[in-house]
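Predicted model only: the values in this text are computed from it and were never measured.
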Amino acid sequence: MKIAISISGDHINAAFDPRFGRAPTFCLVDSESGAWSIHPNPAISSSGGAGIQAAQHIAKLGVQAVISGAFGPNAAQTLEAAGIKMFIAPTDESLTAAEVMQRFKSGQLSQIDQATHRGYHERSHG
Amino acid sequence: MIIAIASGKGGTGKTAIATSLALAAKRPLRFLDCDVEAPNAALFLKPKLEHRKPVGIPIPVIDEELCSYCGRCAAVCEFHAIAIMGNKSLIFPELCHGCGSCTLICPEHAIRERIDTIGVLEGGSALPEIQFAQGILNIGEPMAVPVIRELKKWSFPSPTGQINPIEQTSPASSNGLEIRDAPPGASCPVVETLRGADFAILVTEPTPFGYHDLRQVVEICRDLNIPAGVIINRDGIGEKTVEEFCASEGLPILMRIPLQRNLAQALAQGETIYTADVRFRAPFEQLLTKIRGIGHV
Ligand code: SF4
Ligand code: SF4
């Protein structure tokens with residue numbers, strides 16, 4: 001299974017970043033082989049709809065699950081439509097992507113099926 | 001001539017100044033309260049609001065029968081208001097700016113538009129010849145700009161005849177006067193209010209906050225190429241940074257309004273500066289002449 005983890009950095013040992021839409025990069029890990037790659041988040045500087053944009057991006061990368069610290073309603077809806085499972089990793093332990101992956105494999109992360117927060121003030125004043 | 005009155009932050013007495021100018025200026029004139037999130041000029045000018053017009057934006061609706069899930073609509077939307085995931089389409093109306101790009105680009109003509117109401121315009125007259133209009137954004141609705149844009153364009157009937165938008169010309173021209181009370185801040189709604197104005201009156205206070213916010217609005221005026229002048233409210237309460245900034249930027253100081261208890265009380269009761277204190281009559285009456293002079297330079 002291919003899994004995306006929101007991180008800030010360019011290595012599997014870089015820090016986990018709990019902000020799904022605003023994380024600088026995603027680390028893609030193949031849970032069977034352990035192979036990983038880094039993908040910049042195109043939504044990082046968008047003025048609104050970051051969660052949707054990030055979700056569309058990782059869907060294009062062909063992942064089946066995503067691990068972050070929180071998902072807004074729009075991101076959750078988009079990920080759900082793409083059939084991508086959402087998992088929450090702890091935000092208070094300064095984990096690396098590799099450590100997050102370990103916890104995922106040992107079944108310590110909880111899966112969610114809806115938004116963890118009500119979203120931010122999304123529509124910019126255009 | 002179109003004059004916009006702006007201030008970086010709220011609570012600088014901007015509306016009291018805008019309404020004072022309306023009372024002092026030669027009428028007829030058109031007054032627009034563009035602070036659509038919290039319009040309050042009506043409290044000062046007490047218009048009879050007789051006309052209403054809802055403002056909406058077109059939101060796309062995708063016909064699943066026709067859609068081929070090609071994803072072009074999602075790709076063209078710069079606000080990420082559409083997501084096409086496999087063969088599911090998602091629309092996020094609260095992100096949509098109603099620009100119509102998605103409808104235009106759809107190769108299957110699968111998108112039609114429905115109108116979502118986001119606010120309302122209200123208009124009428126205040127005193128015989130102040131043609132007053134305000135925009136009101138629905139509570140919780142984040143997009144002020146379309147309401148302000150419609151407000152600027154709105155023509156409505158009045159006892160003195162049809163009220164039409166005034167053309168942007170030059171500060172010196174005499175094709176009528178429009179006064180726009182801008183929202184506080186320095187974001188898109190302020191830009192939209194200032195756009196098309198011939199002159200901007202920037203209201204500030206001689207404090208570090210006042211200075212910081214003034215700089216931001218001055219920048220917008222520069223970008224839009226609108227000449228501006230400054231009114232210092234609560235003059236004498238603080239330091240000289242604002243004055244030094246104005247001097248170095250070549251911004252004329254149009255008026256100083258000292259901190260006075262009687263003014264504060266009058267404003268709290270919905271009175272304008274112009275009516276509350278006779279000493280301000282002449283300065284407000286001369287304000288337009290001053291501005292016309294600056295416009296000529
Ligand atoms: S552009 Fe038209 S056909 Fe393509 S996904 Fe959007 S609505 Fe469907
Ligand atoms: S109308 Fe414009 S902003 Fe709205 S969804 Fe279509 S492209 Fe995006």
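A heavy-atom distance below 4.5 Å is not found between the side chains of A:I52 and B:I82. Side chains of A:L79 and B:M85 form no contact here, defined as non-hydrogen atoms less than 4.5 Å apart.
For residues 53-62 of chain A, a heavy-atom distance under 4.5 Å to chain B picks out A:Q53, A:A55, A:Q56, A:A59, given by residue number.
Counting non-hydrogen atoms of other residues, nucleotides and ligands closer than 6.0 Å to CG of A:D10 gives a total of 12 or fewer. Other residues, nucleotides and ligands place no more than 12 heavy atoms under 6.0 Å from the NE2 atom of B:H212. For CD of B:E219, the number of neighbouring non-hydrogen atoms (other residues, nucleotides, ligands) closer than 6.0 Å is 12 at most.
Contact of A:S46 with chain B is made through the side chain alone, with heavy-atom distances under 4.5 Å.
Applying the salt bridge (Lys or Arg N to Asp or Glu O under 4.0 Å) definition to pairs two or more places apart or across chains, those involving residues 100-110 of chain A are A:E93-A:R103.
A:N74 CG to B:L95 CG: the interatomic distance, rounded to the nearest 0.5 Å, is 5.5 Å.
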